[in-house]
Amino acid sequence: MSSEDVSRIVEEHAGKPGGLIGILQEIQARYGYLPPDALGAVAEGIGRSLTDVYGVATFFRSFSLKPRGKHLCSVCLGTACHVRGGAVIAEEFGRALNVAPGETTGDRDFTLETVNCLGACALGPIVVVDGHYFSNVSPVRVKEILEKARNGLDNVEVTTDQRIFPVEVSCPRCNHSLMDPARLVDGQPSISVTVVFAGEHFRLHLSCLYGSYNVESEREIPRDALADFFCPHCHAHLTGGSNCLECGAPMVPMIVRGGGIVQICSRRGCRGHLLDLSGGMQ
Amino acid sequence: MITLTMNGLPVTVEEGSTLLEAARFFGFPIPTLCHLEGLTPYGACRLCLVEVGRGDKAKLVTACTYPAADGLVVRTGSSRVIRARKMILELLLASCPQSKVIQDLAAAYEVRQQRFRQEYEDCILCGLCVRMCEEQMRAKAIGFRGRGERRSVGTPFDAPSPACRLCGGCMYVCPACQLRCTYHEPEKAICGSCANLSPPCLEKREFDDLMCFMAPCVACEIRKG
């Protein structure tokens, strides 16, 4: 932990009433927990006593004063989940991980916690692992959920995931289809665009599955670098979209067949995107 | 000036005073645990409940935090009030049976037994010590931590606080605390104002924690031999 980080976070919230919780949340997001030194620095930074800051930090269940594991596993024990066997699920997780609720495994992989309600009572018993909801969990699924978490839940399975659907896009200038049936990405026709990066022109093939971030590029674009996108047919610069909500980079607009526009971030590795099916280009 | 009816009598009190102050001024007894003159009212112990209003609309409010208002009808000792106080005392006894202050109050209200699961806490979370430390001592060394059944009073991380000047004010005001010290009345040390048959400091190994102000300490003498 560096005290500069903490003082920067404190400064960002300076002067806002009720900023303390925001500060603590940011520190927790950064370090995974609230280090004792950070609490002291926060108290000093906002001119409150350490007693107040500590009181707030211990009041809310979402703040942790102990380091947490890589994966956070929350088992709901709210009323609805409880009557559907949430306690058994929590027990099973405890057995599988060999920790009690509130504890972290020795290898710092998992933190197990019980929560009082996640607000999705109809789907109970609910387990949330790293922000991913698992509904109607039964004890036999516990091992499977832990296995998935170990493999990384953010890796989307493009073939089985229901949320992913293909989109067909065309150039906003010439309206020529950008789909390339000869080159498949994720087993679907790819979206083919020309990219200019570092003075070089080359083709980039994007997966047409909305929700998949797989691309195939003729040249390597380093992570976080910005590239310019062009239509391979009319050579129009694909620009004029909004700025990415995630990173602020310019976005690349494309027309979706059937109406609407999709915008993707032009920064390599950024997953920012917008899908607007309500109207056409302005 | 504000005129209100208290136990059937028209009384006049100064503007800005609370029902508790008004009642005490006119000699109606109201028991309190979390109230202390010079500290902000807190309404934590609920013992000072009084009935406000008429008939079906009468409600129980804490006298220590309720401001006196014109035309208010207040009953400080109605059967409903007494019943509520008895229940509160039972609950307090269930959590803090060792406190002499609570025992005395319970005896005064003829509470002879309590029907709840017996615990042996040494804190009723009345917040007197926290307010004392903050408002009178200007130290803010102790505060509330956690919430619900895990709520407790203490310093951050349970570490000795640099803000604490060991003034003992927190223990002096505490109505329940085991660490209560009778420093200016050493002769009471054994029977103690806490009425323990064995003083708590005899059972504790760490004398440093107790911050005992007695010299000589009778308990220490017993312990030595």
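Here is the naming used below: chain letters follow the sequence lines, and residue numbers restart at 1 for every chain.
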### Query
Quick one: of B:R145, B:E134, B:K140, who has the most non-hydrogen atom pairs under 4.5 Å with chain A?
B:K140
### Query
With respect to chain A, which residue among B:G146, B:G148, B:P156 yields the maximal number of heavy-atom pairs within a distance under 4.5 Å?
B:P156
Tell me if the [atom1] atom of [X] is crowded by more than 12 foreign heavy atoms within 6.0 Å.
X      : atom1 : answer
A:H82  : NE2   : no
B:E15  : CD    : no
A:E144 : CD    : yes
A:N98  : CG    : no
A:E44  : CD    : no

### Query
Side chain, backbone, both or neither: which part of B:F144 has a non-hydrogen atom closer than 4.5 Å to chain A?
backbone
### chain A contact via B:A141 - side chain, backbone, both or neither, heavy atoms under 4.5 Å
backbone
## Note on the structure
Here the gap from B:I142 atom CD1 to A:Y54 atom OH, rounded to the nearest 0.5 Å, amounts to 14.0 Å
#### Entry: Greatest number of heavy atom pairs closer than 4.5 Å to chain B - which of A:L50, A:T58, A:T51
A:T51
